[in-house]
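Computation of the quantities below employed the complete heavy-atom set of this structure, encompassing side-chain atoms and omitting hydrogens, waters and symmetry-equivalent molecules.
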Amino acid sequence: MSTQTMEETKLVKSELLKDQVAIVTGSGRGIGLAIAKRLAAAGATAVITDLTQESADAGAKEITDLGFKAHGAVCNVTDVASVEKMAEEIMAKFGKINILVNNAGITKDTLFMRMKLEDWSAVIETNLTSIFKVTQAVIKHMSKANYGRIVNIASVIGMHGNMGQANYAASKAGAIALSKTIAKEYASRNITCNAVAPGFIDTAMTQKLKPEVKDQYMKFIPLGRFGQPEDVAEAVFFFASGGSYVTGQTIVVDGGMFM
Ligand SMILES: NC(=O)c1ccc[n+]([C@@H]2O[C@H](COP(=O)([O-])OP(=O)(O)OC[C@H]3O[C@@H](n4cnc5c(N)ncnc54)[C@H](O)[C@@H]3O)[C@@H](O)[C@H]2O)c1
């Protein structure tokens with residue numbers, strides 16, 4: 001099946017998430033945009049947030065062009081003021097936030113010995129502390145409504161480590177542990193919190209890797225292909241739409257690389 005056909009199949013319209021509002025951070029492109037499309041196809045209003053209004057609006061337009069509901073908003077996940085402004089704007093506009101997907105993330109790879117503190121801090125801030133900031137701004141509204149679905153995008157690297165990715169591995173391991181803690185603290189409020197740990201997914205983040213590094217990864221992927229953003233979106237959709245008795249879990253989406 002071609003990627004295009006796969007995406008079309010998965011975007012069959014349903015009403016499972018009708019009237020729900022879903023915020024996806026860093027969703028102007030890549031995995032975040034695929035997640036937002038998947039949720040919107042199921043009837044949710046997808047709130048596309050990213051560093052600039054232009055990229056948020058461009059992502060939202062892709063979704064509305066498909067006939068689904070979307071809204072673009074600026075949100076720099078490292079900046080508390082920006083995060084709180086976005087959350088309050090969404091509450092004022094839609095009156096609720098049912099689903100939050102903490103997806104925004106970056107890499108700044110280099111061997112541990114050469115890693116500068118600023119590279120460490122930037123990755124921890126963007127990938128981990130951001131989940132603290134965005135979830136704190138949103139979960140109080142979910143708590144009042146006695147309902148919420150939170151999904152954090154981690155990585156298999158957070159479970160296994162990787163040469164040259166000390167900052168990234170630590171941030172993603174933190175995301176998994178934070179998900180479990182939020183799951184425990186908010187279960188009584190009918191809020192689930194789970195993580196999705198992708199392996200090698202074909203996006204701008206991995207397109208910058210050298211061909212020999214990609215070849216090396218491919219050798220260890222039993223399913224024989226790199227993942228597509230839609231593969232990750234499918235796992236997020238499970239946590240966001242069903243799975244009401246599943247919390248504090250991590251689904252690995254890696255083509256079998258780390259089984
Ligand atoms: N691509 C992979 O192989 C892979 C594997 C495992 C996990 N992940 C994770 O999936 C998520 C999405 O990655 P992707 O591959 O789509 O990457 P990407 O680089 O294509 O997209 C990342 C998005 O995050 C946004 N972003 C970056 N910093 C931000 C900030 N401070 N505030 C708001 N938005 C910000 C970017 O503008 C971009 O739209 C990340 O958390 C990444 O760590 C990716």
Side-chain angles (χ1 to χ4, degrees), residues 17 22-27 30-36 38-39 44 46 49 77-78 83 97-107 123-139 142-143 147-162 165-187 189-201 203 205-206 227-259:
L17 301 178
I23 295 176
V24 186
T25 66
S27 53
I31 292 171
L33 182 55
I35 293 167
R38 185 68 181 91
L39 300 177
T49 72
V77 295
T78 64
V83 166
I97 301 165
N98 308 90
I99 299 165
L100 168 64
V101 183
N102 286 304
N103 165 80
I106 58 168
T107 52
V123 171
I124 297 290
E125 271 292 318
T126 309
N127 298 6
L128 177 58
T129 312
S130 65
I131 302 180
F132 173 85
K133 291 172 181 165
V134 181
T135 306
Q136 273 213 336
V138 166
I139 206 163
M142 291 178 165
S143 200
Y147 183 87
R149 296 285 175 264
I150 300 171
V151 186
N152 296 323
I153 306 303
S155 166
V156 289
I157 303 306
M159 305 162 107
H160 301 277
N162 198 23
Q165 293 200 298
N167 47 5
Y168 189 79
S171 74
K172 295 301 188 179
I176 292 170
L178 179 55
S179 303
K180 291 179 186 176
T181 303
I182 292 170
K184 286 185 176 175
E185 290 194 15
Y186 284 90
R189 306 302 300 177
N190 195 24
I191 296 169
T192 64
C193 184
N194 293 283
V196 172
F200 192 113
I201 310 298
T203 67
M205 184 176 273
T206 45
Q228 293 299 316
E230 292 74 25
D231 295 313
V232 181
E234 208 49 36
V236 173
F237 180 69
F238 167 71
F239 287 136
S241 63
S244 59
Y245 199 53
V246 184
T247 195
Q249 303 304 306
T250 303
I251 290 188
V252 173
V253 181
D254 70 347
M257 185 163 46
F258 285 106
M259 73 172 95

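- Put simply, CD1 on Ile31 and CD1 on Ile153 are 7.0 Å apart, with the number rounded to the nearest 0.5 Å.
- The shortest heavy-atom contact between Ala137 and Val83 is CB-CG1, 3.7 Å.
- The residues Arg38 and Glu234 are annotated as salt-bridged, a charged nitrogen and a carboxylate oxygen being separated by less than 4.0 angstrom.
- Nearest heavy atoms, Ala197 versus Met159: CB-SD, 4.0 Å.
- Here the shortest heavy-atom pairing between Ala22 and Leu39 reads CB-CD1, 3.8 Å.
- For residues 236-258, the set of pairs meeting the side-chain hydrogen bond (donor to acceptor under 3.5 Å, both in side chains) definition, not counting sequence neighbours, is empty.
- Using a 4.5 Å heavy-atom cutoff, the side chains of Thr129 and Thr78 are not in contact.
- Rounding to the nearest 0.5 angstrom, the gap separating the CD1 atom in Ile106 from the OH atom in Tyr168 is 10.0 Å.
- Here the shortest heavy-atom pairing between Thr107 and Val123 reads C-CG2, 4.2 Å.
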Exercise for the section: List the steps and the verdict of side chain to side chain contact (heavy atoms under 4.5 Å, CB included) for Arg189 and Ile139. Expected result: CA-CA 10 Å; Arg189 306 302 300 177; Ile139 206 163; over 6 Å; no
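- For the atom pair CZ (Arg149) and CG (Leu100), the distance works out to 13.0 Å, reported to the nearest 0.5 Å.
- Contact detail for Ile176 and Ala195: the closest heavy-atom pair is CG1-CB, 4.4 Å.
- The backbone N or O of Thr135 lies less than 3.5 Å from no partner atom in the side chain of Asn102, so there is not a single donor-acceptor pair.
- No donor-acceptor pair closer than 3.5 Å links the side chain of Lys133 to the backbone N or O of Val77.
- Between atom OG1 of residue Thr192 and atom CE of residue Met142 there is a gap of 8.5 Å, rounded to the nearest 0.5 Å.
- From Thr25, atom OG1 reaches atom CD1 of Ile35 across 8.5 Å, with rounding to the nearest 0.5 Å.
- Of the possible donor and acceptor atoms, none in the side chain of Ser179 sits under 3.5 Å from a partner among the backbone N and O of Cys193.
- Distance check: Leu178 CG to Asn152 CG gives 6.5 Å after rounding to the nearest 0.5 Å.
- A side chain to side chain contact (heavy atoms under 4.5 Å, CB included) with Val232 is found for exactly one of Asn103, Thr203, Ile201, namely Ile201.
- Lys172 contributes no side-chain N or O that, together with a main-chain N or O of Gly161, makes up a donor-acceptor pair within less than 3.5 Å.
- Of all the heavy atoms in Ala34 and Pro229, the pair that sits closest is CB-CB, 3.5 Å.
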Practice task
Show your working on side chain to side chain contact (heavy atoms under 4.5 Å, CB included) between Asn194 and Phe238 and close with a plain yes or no.
Solution key: CA-CA 10 Å; Asn194 293 283; Phe238 167 71; over 6 Å; no
Practice task
Could you please spell out the steps behind the side chain to side chain contact (heavy atoms under 4.5 Å, CB included) verdict for Ile251 and Phe239?
Solution key: CA-CA 10 Å; Ile251 290 188; Phe239 287 136; 3.4 Å; yes
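- In the displayed structure, Tyr147 atom OH is contacted under 6.0 Å by more than 12 heavy atoms of other residues, nucleotides or ligands.
- Applying the side-chain hydrogen bond (donor to acceptor under 3.5 Å, both in side chains) criterion to Ser171, with sequence neighbours excluded, gives Asn127.
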